[in-house]
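The block underneath contains the structure these notes are about, expressed in structure tokens.
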Protein chains: 2
Amino acid sequence: MTERSSAPVKMTAGTSTLDLALRALEFLVAEGSPQSLASIAKTLNASKATILRHLVTLSAHGLVSQDRDSGRYEPAVKLLVWGEAIRSRFDVVPAARDSMVRLRDRTSQAVTLCGRIDGQLVVLELIQGRTVIEFGTRAGTRLDFHASAHGRVWLAFTDDAERERLLAEPLKPWTPHTIVDPDALRAELVEVRRRGWASAPDEIIISVNALAAPIFDHRGRQVGSLAIVGATQFIPSPPLESQIHDVLAAAEEVSRSLGWRPTP
Amino acid sequence: MTERSSAPVKMTAGTSTLDLALRALEFLVAEGSPQSLASIAKTLNASKATILRHLVTLSAHGLVSQDRDSGRYEPAVKLLVWGEAIRSRFDVVPAARDSMVRLRDRTSQAVTLCGRIDGQLVVLELIQGRTVIEFGTRAGTRLDFHASAHGRVWLAFTDDAERERLLAEPLKPWTPHTIVDPDALRAELVEVRRRGWASAPDEIIISVNALAAPIFDHRGRQVGSLAIVGATQFIPSPPLESQIHDVLAAAEEVSRSLGWRPTP
DNA sequence: AATAGCGTTTCAATAAATGAAACGCAACAC
DNA sequence: GTGTTGCGTTTCATTTATTGAAACGCTATT
């Protein structure tokens with residue numbers, strides 16, 4: 001009965017009971033408001049009894065809670081705690097926060113911090129800009145390596161084998177401006193490595209640009225990337241000299257706070 | 001076989017399979033580094049095969065991932081996304097962030113933002129102070145209503161029935177200074193409501209004080225509380241006039257950004 | 001070479017999840 | 001007031017899907 005279309009072929013079974021429970025939890029998180037047991041059961045095509053027992057276990061773990069009055073269910077505090085636990089695995093987050101706010105104040109643009117989790121490029125922290133437009137990006141968003149300023153920075157500063165592995169994957173053309181030719185990208189990455197920053201105008205969303213720089217730790221390994229994100233109206237291509245300077249300075253500030261020192 | 005000590009008597013069963021899987025996930029989150037399948041299985045007294053299948057399902061949902069090289073398992077990005085989803089249910093978080101940073105800059109003390117989730121008082125956001133000492137508080141931490149400045153503010157500004165319900169519960173004496181007498185607490189709450197702020201010196205940890213003020217939304221309902229937290233050396237009892245002013249101003253600033261207007 | 005430990009697979013036994021139906025309780029309609 | 005509808009919850013027999021032991025490759029260490 002369990003029909004899933006995500007994984008193509010092999011797969012070593014898995015637990016359908018757990019799968020159902022996680023889908024229930026995911027449903028609760030996706031909905032913005034508490035949901036009734038009946039609606040959860042109907043959405044997942046399961047009996048109320050089954051869902052109820054899973055909700056009981058989930059709430060025993062503090063993952064969901066039941067509204068005292070309405071009897072409806074909603075995701076609970078434990079998810080916040082767990083999320084924060086994951087985030088705090090990255091020293092770069094607390095180290096960068098202050099610099100991010102200052103960078104936002106100097107540039108007025110939204111500031112994002114990315115880290116690499118399990119091979120993926122993930123937005124770890126976001127400081128909203130002071131411009132009118134607000135971007136939909138949130139902590140947890142995954143970015144493409146080939147079509148974002150953050151991703152370019154990572155590609156430019158990782159070792160050759162890893163870079164080639166990432167470039168070998170299909171490069172999604174988000175817009176007509178997205179660079180999808182591996183060779184063109186390699187040429188761009190050489191530039192990024194030389195000058196220390198990357199931008200990606202119109203490559204994911206038309207009229208949006210970003211300007212990113214790498215963050216290194218005391219061992220000289222890249223542990224994050226910092227970027228300002230804003231309309232091309234504010235972050236032109238190429239970016240303003242002052243913006244480049246501000247972003248590079250902020251990233252270096254964070255790197256230094258992590259013990260990084262420039263190689264002589 | 002499932003022995004749990006949290007809930008006292010009744011309880012309507014629950015799903016042991018799900019329980020095991022969640023304990024596995026919780027274990028991975030608690031450990032700071034990727035764990036081997038064998039160690040998870042041993043810790044939870046389950047067979048490797050069982051744990052493996054649960055990990056497969058968990059990773060299909062993006063909750064855990066397997067390190068490519070070591071083969072070990074670790075919690076994954078989805079937890080960050082879910083945590084952020086819970087947090088963004090509270091409009092007060094983005095609205096307060098800037099004011100929190102400014103308040104930290106003016107007072108040099110750590111700034112915390114609390115909200116009420118499912119009846120509990122939860123730290124939603126934390127800005128580290130500029131003092132030498134760093135506090136262990138993190139987002140997701142739950143606070144007592146009777147023994148914290150945040151809690152006092154909430155007690156003071158909620159309706160009588162709810163307040164009495166909370167005061168009826170046993171009041172844990174964290175330190176000799178913790179107010180555990182309901183009547184003494186009621187008298188204090190009258191004061192809090194009158195002056196608009198609360199403090200709680202030495203009540204959870206000796207030599208630590210906090211100064212909190214409420215945040216209201218456009219309908220005049222309390223949606224959060226803002227506090228500075230620091231050593232009594234920096235936040236005396238009673239707090240400095242300047243500190244009281246700064247905290248009240250910051251809280252009002254956030255309230256106004258949420259559409260609140262002072263009642264004439 | 002040999003060993004130890006890992007993640008993974010297989011497979012039969014049985015324990016545990018499941019759905020249908022009934023229950024008690026609200027809120028609402030007539 | 002009485003009937004109806006919908007909710008969360010409980011019960012229970014059916015059987016499905018979870019389970020652990022053991023065996024399998026594999027890599028790293030001895």
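Letters A, B, ... are given to chains in the order of the sequence lines, protein chains preceding strands, and every chain is numbered from 1. Atoms considered below: every heavy atom in the structure, side chains included; atoms not considered: hydrogens, waters and symmetry mates.
Residue A:T15 places its side chain closer to D:dT18 than to any other of D:dT18, C:dA17, D:dG20.
A:S16 has no side-chain polar atom (N or O) that falls below the 4.0 Å cut-off from OP1 or OP2 of C:dA17. Phosphate proximity of D:dT18 to B:T17: absent, as no side-chain N or O sits under 4.0 Å from OP1 or OP2.
Between A:I40 atom CD1 and D:dG8 atom P the separation is 8 Å, expressed in whole Å. As a whole-Å value, the separation of B:L18 CG from D:dT18 C1' is 13 Å. Atom CG of A:D19 is separated from atom P of D:dA17 by 12 Å (rounded to the nearest Å). Distance B:L20 CG to D:dT18 P: 12 Å, rounded to the nearest Å. Rounded to a whole Å, the CG atom of A:N45 is 21 Å from the P atom of C:dA17. For the pair A:K42 NZ and D:dG6 C1', the computed distance is 12 Å after rounding to whole Å. Going from atom CD1 of B:I51 over to atom C1' of D:dA21 covers 15 Å, rounded to whole Å.
Taking 4.0 Å as the cut-off between side-chain N and carboxylate O, B:K172 and B:E203 do not count as a salt-bridged pair.
Partners of B:K48 under the salt bridge (charged side-chain N to carboxylate O under 4.0 Å, His left out) rule, at least two apart in sequence or in another chain, do not exist in this structure. A:R72 is linked by a salt bridge (charged side-chain N to carboxylate O under 4.0 Å, His left out) to nothing, counting only residues two or more places apart in sequence or in another chain. Residues satisfying the salt bridge (charged side-chain N to carboxylate O under 4.0 Å, His left out) criterion with B:R256, sequence neighbours excluded, are B:E252.
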Run the side-chain donor-acceptor check on residues 81-88 of chain A: report pairs under 3.5 Å with partners two or more places apart or on a different chain.
from  : atom 1 : to     : atom 2 : distance (Å)
A:E84 : OE2    : A:R87  : NH2    : 3.4
A:R87 : NH1    : A:L124 : O      : 2.9
A:R87 : NH1    : A:E125 : OE1    : 3.3
A:S88 : OG     : A:E84  : O      : 3.2
A:S88 : OG     : A:A85  : O      : 3.0

All N/O contacts under 3.5 Å from nucleotides 3-7 of chain C to the protein, with atom names and distances to one decimal?
from  : atom 1 : to    : atom 2 : distance (Å)
C:dG7 : OP1    : B:L37 : N      : 2.7
C:dG7 : OP2    : B:L37 : N      : 3.4
C:dG7 : OP2    : B:A38 : N      : 2.9
C:dG7 : O3'    : B:Q66 : NE2    : 3.4
C:dG7 : N7     : B:K48 : NZ     : 3.2

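The list of ring pair (Phe, Tyr, Trp, His ring centres under 6.0 Å) pairs with a residue in residues 151-172 of chain A, not counting sequence neighbours, reads A:F157-A:F216.
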